[in-house]
Amino acid sequence: MDGKNRRATLVRDLILIAVLLCLGIGLLVVSRSHNRTGAYAVVMVQNQEIARYSLAVDGVYDINDGTNTIEIKDGRVRMTEAVCLNHLCIRQGWIRFENQSIVCLPNRLSVIVRGTDDSYDYVL
Amino acid sequence: MKTSFGKISGLTAALVLLMVILCSCSRITSGLIKVHSHTFYPYFDTVGTLSSYALDKEEEFNQNAAEVNTVLEHWHRLLDIYNEYEGMSNLCTVNRLAGQAVKVDPDLIAFVKYAKDMCDLTKGEMDISLGAVLKLWHDASKAEKPYVPAEDALAEAAKHTGFDLVEIDESAGTLRLTDPLASLDAGALGKGYAAERAAELLSKKGVTGYGLNLGGNIRFLGSKADDSPFTVGIRDPLNPENLAVTLNLSDCSCVTSGDYERFFTVDGRRYCHIIDKDTLMPASYFTSVSVICKDSGMADALTTALFCMSFEDGFALISSLEGVEAVWIWIDSSIRYTMGLDSVISLV
């Protein structure tokens with residue numbers, strides 16, 4: 001190959017590298033940010049799921065025939081009202097990690113976060 | 001042309017490798033989703049969850065969950081200090097009949113003996129004979145309008161504590177509190193001990209890839225089916241929505257005591273549920289302490305003890321024990337941990 005051809009090949013290779021790199025980084029960024037749109041809060045009573053709410057939609061919901069009330073805002077969920085003595089469930093505050101849960105023991109009720117990439121098996 | 005093509009393939013391969021490395025560098029995330037899960041209510045006044053990451057069949061898991069349920073119920077009843085159960089004598093019975101010898105299940109005797117060992121190990125910082133003092137705090141927290149127990153009442157109750165008041169007669173199979181005003185309270189050790197008994201049962205069956213969480217007292221059996229570790233996050237006290245620390249653990253226990261779990265408020269001040277035997281008040285050194293070691297009972301006992309000890313004393317105790325690690329988190333979010341956790345811990 002003469003000089004001119006060699007340079008053309010080099011430029012082509014560089015462009016290819018640049019494109020691949022951009023694609024790769026692009027995919028990385030997209031997969032990271034796809035964090036909370038698919039996330040939801042699952043409401044379980046005893047061991048049965050009774051309701052499921054998307055964390056992408058803000059709202060306040062009465063659950064379990066009104067024994068508890070949850071609020072969803074900015075991809076998080078918390079217990080705002082509960083018909084129970086010590087209100088430990090309300091004091092838990094906001095949760096947002098996969099598998100994280102708020103429990104209202106007297107009502108045998110749990111609100112669990114699912115479907116988010118922000119995941120730990122246990123949060124203490 | 002040939003040379004260029006070769007270069008392109010080589011470069012592409014290198015780039016793909018780079019991307020793979022970039023993606024996996026962040027934290028160990030397993031693609032393996034929890035396959036089965038069962039929740040237990042309300043043993044030890046909390047929620048328990050058994051989770052399988054073992055990719056076992058549902059029938060097998062349900063069988064295991066049922067057996068764990070039996071173990072937890074057994075220990076919940078034996079260690080219950082608020083209720084008695086027909087046909088058996090438990091801690092509530094022993095407390096009610098304080099002064100008299102009470103014939104109990106050999107399991108309960110084994111538990112009290114273990115509690116005594118843990119009391120000695122922690123130089124009394126974890127002591128189930130603190131019942132008389134703890135009762136005052138329980139009553140205060142559960143009142144319609146929670147209050148702080150009076151100092152003199154606490155001091156008086158403290159006179160009726162101490163393991164020397166507990167008489168174990170193994171041959172007769174009895175327990176006796178020599179002081180009629182003394183009482184036992186297994187709150188600081190019960191969950192861990194019960195979780196370990198459940199783990200023992202599953203272990204004997206060859207079960208692996210399971211996690212048992214009993215109100216913050218976690219016991220892992222092996223690793224997940226894809227050989228990845230279990231991931232545990234501990235909350236940041238200043239921003240409870242966020243994590244302070246994450247751990248990658250396998251085949252061990254992780255128990256955390258925190259002042260943000262159970263507490264009551266009087267005049268704007270928070271009183272947590274772990275009582276320091278020296279001050280007779282809730283301990284306030286840290287916002288949370290986590291202990292990691294194989295045995296769940298030991299982890300539970302140590303976590304209570306460390307919560308009531310200065311960092312220096314606690315660190316010395318943990319350092320003297322083999323196979324035991326700990327994490328301390330202060331209210332200002334500062335963190336200290338033992339070196340053995342270096343390879344599994346990440347500060348967030």
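Any value given below was found using the heavy atoms of this structure, including those in side chains, with hydrogens, waters and symmetry copies removed. By convention in this document, chain letters (A, B, ...) are assigned in the order of the sequence lines, proteins followed by strands, and residues within each chain are numbered from 1.
We find the OG1-CZ distance between B/T246 and A/F97 to be 10.0 Å, quoted to the nearest 0.5 Å. Rounded to the nearest 0.5 Å, atoms CH2 (A/W94) and CG (B/N239) are 15.0 Å apart. Going from atom OG of B/S37 over to atom CG of A/N99 covers 8.5 Å, rounded to the nearest 0.5 Å. Note that CD of A/E98 is 10.0 Å distant from OG1 of B/T231, once rounded to the nearest 0.5 Å. A/R96 contributes atom CZ, which lies 6.0 Å from atom CD of B/E241 (distance to the nearest 0.5 angstrom).
Residues A/D121 and B/F230 share a closest heavy-atom pair of OD2-CA, 3.2 Å. Of all the heavy atoms in A/Q92 and B/R235, the pair that sits closest is O-NH1, 3.8 Å. A/L124 and B/C254 get closest at one heavy-atom pair: CD1-SG, 4.3 Å. Taking every heavy atom of both residues into account, B/V47 and A/L105 meet most closely at CG2-CD1, 3.5 Å.
A donor-acceptor pair under 3.5 Å is formed between the side chain of A/R91 and the backbone N or O of B/F263. Distance alone, capped at 3.5 Å, places no donor-acceptor pair between the A/N47 side chain and the B/H38 backbone.
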Evaluation steps, side-chain contact (heavy atoms from CB on, under 4.5 Å), between B/L243 and A/Y120: CA-CA 10 Å; B/L243 303 180; A/Y120 297 89; 3.3 Å; yes

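Heavy atoms closer than 4.5 Å to chain B are found in both the backbone and the side chain of A/Q46. Interface remark: A/V123 contributes backbone and side-chain atoms alike to the contact with chain B (heavy atom separation under 4.5 Å). Neither the backbone nor the side chain of A/I112 comes within contact range of chain B; no heavy atoms are under 4.5 Å apart. Neither the backbone nor the side chain of A/R78 comes within contact range of chain B; no heavy atom of the residue lies under 4.5 Å from a heavy atom of that chain. With a 4.5 angstrom heavy-atom cutoff, B/I218 touches chain A only via side-chain atoms. Residue B/T49: no heavy atom, backbone or side chain, is found under 4.5 Å from chain A. Only the backbone of B/F264 comes within contact range of chain A, with at least one heavy atom under 4.5 Å from a heavy atom of that chain.
More than 12 heavy atoms of other shown residues, nucleotides or ligands fall within 6.0 angstrom of atom NZ in B/K142.
For the residue pair B/Y41 / A/S110, a side-chain donor-acceptor distance below 3.5 Å is found, with atom types taken as modelled.
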